[in-house]
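Computed from heavy atoms alone, side chains included, the values below leave out hydrogens, waters and symmetry copies.
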Amino acid sequence: MRADRLVATLLFLQARGRVTAREVAAELEVSERTARRDLEALATAGIPVYSQHGRGGGWSLVGGARTDLTGLTAAEIRAMFLVAGPSAASPELRTALRKLVRALPAPLRPDAEAASKAGVMDGTDWSRLPVTAGTPQLDALQGAVVDGLRIRLGYARPGSPSGTRTVDPLGLVTKAGVPYLVAGTEKAAGAEDTAAGSGRDGLRIFRLDRITSVEVTADPVVRPEGFDLASAWRALAAPMEERMRGATVRGRAEPTAGRVLGVLFGGRLRLGGERADGWLEMEIDGPSPEVMAAQLAGLGARVEVLEPPEARARLAELGAELAGLYGEG
């Protein structure tokens, strides 16, 4: 993407002090014409870059070359490479990291290289299923967000055929390993099931693993005034999080069941003190008593739900169904 080239060009310029369009073209593996256009774009964007014609000329930063990379400290560079440099990163990211290392001052390069090799990113869960969206669609979405262009989005809601709609891509968010697109839509259009109510400012959330196609148009994105991605995400996610805590189950659990309950319910679980019978007080929030009953059924007699009655009734139904299927006789 052009935005990546502009950043790489600026880093190269900072490291070299003065460069020619031919040198930039060779470093970034683009045409000399593209390199010259990118240098001009930096100057137009307000970066203090100027050109000097004639023998010994080239492009320079006002005030001379920087002595470090955008003022980053050694600790900041290490942190950046730890996050961005896992050994399982995409080929494009590994190429960018190699170029970034070359742009660093010599004393900082060994530490950055070591940090880039200190982690591994595994894109599958323990059952070997991928937990992220397909790369082609992700690349197209990232490009549309950065370039500010509308897209025609193919999207398949659960249990429904794929449909197409035009949206304004405003940002990408990853929650617990699952990527989402935040986009502006017409208020009258149907909402995705993880969207927030009727859609404040026409904003919707789209799961990337349900996106079937992305076609980038030439039309510019219409961005809500004062739009902030982090704030918009919090507003859109809040109703979903509220639905995940729509009901509370109370009961008791054997002390040995505490670890399993923590894995199943995470922050929605609250374990209290020890009861007179040696068990622990238990409270769990979830979308409904019936859903939580199904999740707790696998723990058998290690937990007892005391309320609400709907959860106890559903557990009794599940117990009867299992006894009828697996019982003797």
- prompt: Hey, are R245 and E241 close enough for a salt bridge, meaning a charged N less than 4.0 Å from a carboxylate O?
  reply: no
Q) Can we say E215 and R150 salt-bridge, meaning some charged N sits less than 4.0 Å from an Asp/Glu carboxylate O? A) no
Does the pair E290/R314 count as a salt bridge with the N-to-O cut at 4.0 Å? no
Could you go through Y180 and T174, starting from their C-alpha distance and side-chain angles, then the distance that decides it, and tell me whether this counts as side-chain contact (heavy atoms from CB on, under 4.5 Å)? CA-CA 6 Å; Y180 297 86; T174 299; over 6 Å; no
By side chain to side chain donor-acceptor pair (under 3.5 Å), T212 pairs with (sequence neighbours left out) S162
Could you give the side-chain donor-acceptor pairs of residues 293-308 under 3.5 Å, partners two or more places apart or in another chain?
{"residue": "R302", "atom": "NH2", "partner": "T256", "partner atom": "O", "Å": "2.8"}
{"residue": "E304", "atom": "OE1", "partner": "R252", "partner atom": "NE", "Å": "2.6"}
{"residue": "E304", "atom": "OE1", "partner": "R252", "partner atom": "NH2", "Å": "3.1"}

Is the number of heavy atoms from other residues, nucleotides or ligands under 6.0 Å of R270 CZ greater than 12? yes
Contacts of E281 meeting salt bridge (Lys or Arg N to Asp or Glu O under 4.0 Å) (sequence neighbours excluded), chain-then-number -> R275
Any chance the rings of Y155 and F206 have centres within less than 6.0 Å?
-> yes
Chi angles and distances behind the side-chain contact (heavy atoms from CB on, under 4.5 Å) call for V167, I151: CA-CA 6 Å; V167 303; I151 57 176; 3.5 Å; yes
Quick check against the 3.5 Å criterion: does D147 have a side-chain atom that pairs as donor or acceptor with the backbone of L149?
no
TODO: Examine the side chains of D285 and T248 and answer whether a donor and an acceptor come within less than 3.5 Å of each other.
DONE: yes
